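All values reported here derive from a predicted model rather than from experimental measurement.
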Amino acid sequence: MLKSWAEMIKKPSIRYPRRSGTVGGKLPWNDWRNASTWRKAVQITLLAINIYIGITFYYWVRYYETGGMTFYLPRPGGIEGWLPIAGLMNLKYTIEMGGLPPIHAASMFLLASFIIISLLLKKAFCSWMCPIGTISEYTGKIGQKLFRFQIKVPKWLDIPLRGLKYLLLVFFLYISLSMPAQMIQYFMMSPYGIIIDVKMLDFFRYISSASLITVCVLVVISLFIRNAWCRYLCPYGALLGLFSLFSPFKIHRNAESCIDCGKCAKNCPSRIPVDQLIKVRTVECTGCMTCVESCPVASTLTFSLHTPTQKHQRSLSGVLMAVLTLSILFLMIGVAVYMGVWDSPVPDSYWFHIIPNAKMISH
């Protein structure tokens with residue numbers, strides 16, 4: 001019997017080598033070479049560090065609130081990573097004035113490290129390092145296990161919803177960058193500017209009913225919509241996504257060896273149609289390498305400088321991604337420490353005066 005026309009024009013059945021060390025074409029989760037294993041290690045490490053920073057900062061604040069009657073822990077400089085607006089303002093100050101800001105300089109160095117990571121490695125900060133991104137990702141996985149399904153937002157709604165994070169970004173950029181450098185210095189040196197980290201802690205300690213309801217709603221939504229916060233509302237991710245457009249490393253697909261199984265697109269957390277692209281340029285790509293590991297054919301998908309068919313290909317492994325992201329982060333921290341600006345130069349006597357009165361200080 002003659003083959004049908006559709007069968008005759010199908011892609012030739014060629015056996016391409018499967019990825020080394022795979023089980024059924026998929027890397028096992030506990031394979032040390034697996035990028036997901038390294039990504040989980042970096043995610044857990046950064047989440048643990050941030051939990052430690054939060055606990056330490058709480059005890060530091062309590063020490064001054066109680067007039068030195070409680071246990072003392074030094075103020076963790078890493079808390080400034082939670083002050084992106086201060087980082088943006090200080091970055092503008094440094095560019096305009098040609099000198100380092102007098103206070104909260106650590107926020108600028110941490111923001112700079114995240115921008116550098118995005119410029120080189122797409123939005124790897126979001127998928128490898130961000131504690132909120134980690135919590136959002138695992139909330140979605142918990143929802144998938146509990147309810148056995150997730151909601152796929154239709155394209156006509158998904159696109160405008162993704163625009164929300166850019167509207168929020170414009171708002172925060174306006175707040176951060178509309179002031180001249182002299183005004184930024186005045187704001188940072190004001191009582192409110194000095195304790196903006198304490199005010200942030202108080203937001204969670206004395207959270208309002210409306211804010212608590214909003215957080216709960218976001219958690220519930222994240223159970224059913226994969227990475228809902230990151231995809232639709234995070235202005236930080238929107239900013240880093242714009243910088244990621246200049247990243248030399250991108251996901252490349254070798255169309256010749258691709259068997260059109262669609263696993264890469266199905267497993268992509270950002271819902272990118274990887275199986276229809278040769279090079280993934282979108283701002284939604286976080287460099288998580290999930291699509292690379294989902295591909296059953298070796299070297300068909302790579303996170304690299306060039307496509308798999310080009311010579312002198314420079315692809316990144318999970319190990320190298322972990323090393324590069326952490327190296328950039330800790331290198332910038334080291335620079336801040338070396339320059340003496342990792343800790344803000346505020347005397348203890350002032351902390352004893354201002355922190356107990358934090359609730360009464362407003363901008």
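Checked by atom type, the side-chain pair D158/Y232 shows a donor-acceptor distance below 3.5 Å. Looking at S247 and S244, their side chains never bring a donor and an acceptor atom within 3.5 Å of each other.
Using cut-offs of 30° and 60° for the angle between ring planes, the W60 and W351 rings count as perpendicular. Note on ring orientation: taking the six-membered ring where Trp is involved, the planes of F303 and F249 are tilted (angle from 30° to 60°). Taking the six-membered ring where tryptophan is involved, the planes of Y59 and F71 are perpendicular, since the angle between them exceeds 60° and thus also 30°. Between Y63 and Y72, the ring planes are perpendicular. Angles over 60° get that label, and only those under 30° would be called parallel. Between H353 and Y350, the ring planes lie tilted relative to each other; the angle falls in the 30° to 60° range.
Of the inter-residue distances, the one linking I85 atom CD1 with I196 atom CD1 reads 8.5 Å to the nearest 0.5 angstrom. Rounding to the nearest 0.5 Å gives a distance of 9.5 Å between OH of Y93 and CD1 of I184.
Counting only distance, with no hydrogens or angles, the side chain of K92 and the backbone of M179 share a donor-acceptor pair below 3.5 Å. Not a single donor-acceptor pair under 3.5 Å links the side chain of S113 to the backbone N or O of M332. No donor-acceptor distance shorter than 3.5 angstrom exists from the side chain of Q150 to the backbone of G143, with no hydrogens or angles considered. Between the side chain of H104 and the backbone N or O of G193, at least one donor-acceptor pair lies under 3.5 Å.
One finds a salt bridge joining D202 and R205 here, because a Lys/Arg side-chain nitrogen approaches an Asp/Glu carboxylate oxygen to under 4.0 Å.
Linking ILVMFWY residues whenever their side-chain heavy atoms come closer than 4.5 Å, directly or via other members, places V220 and V217 in the same cluster.
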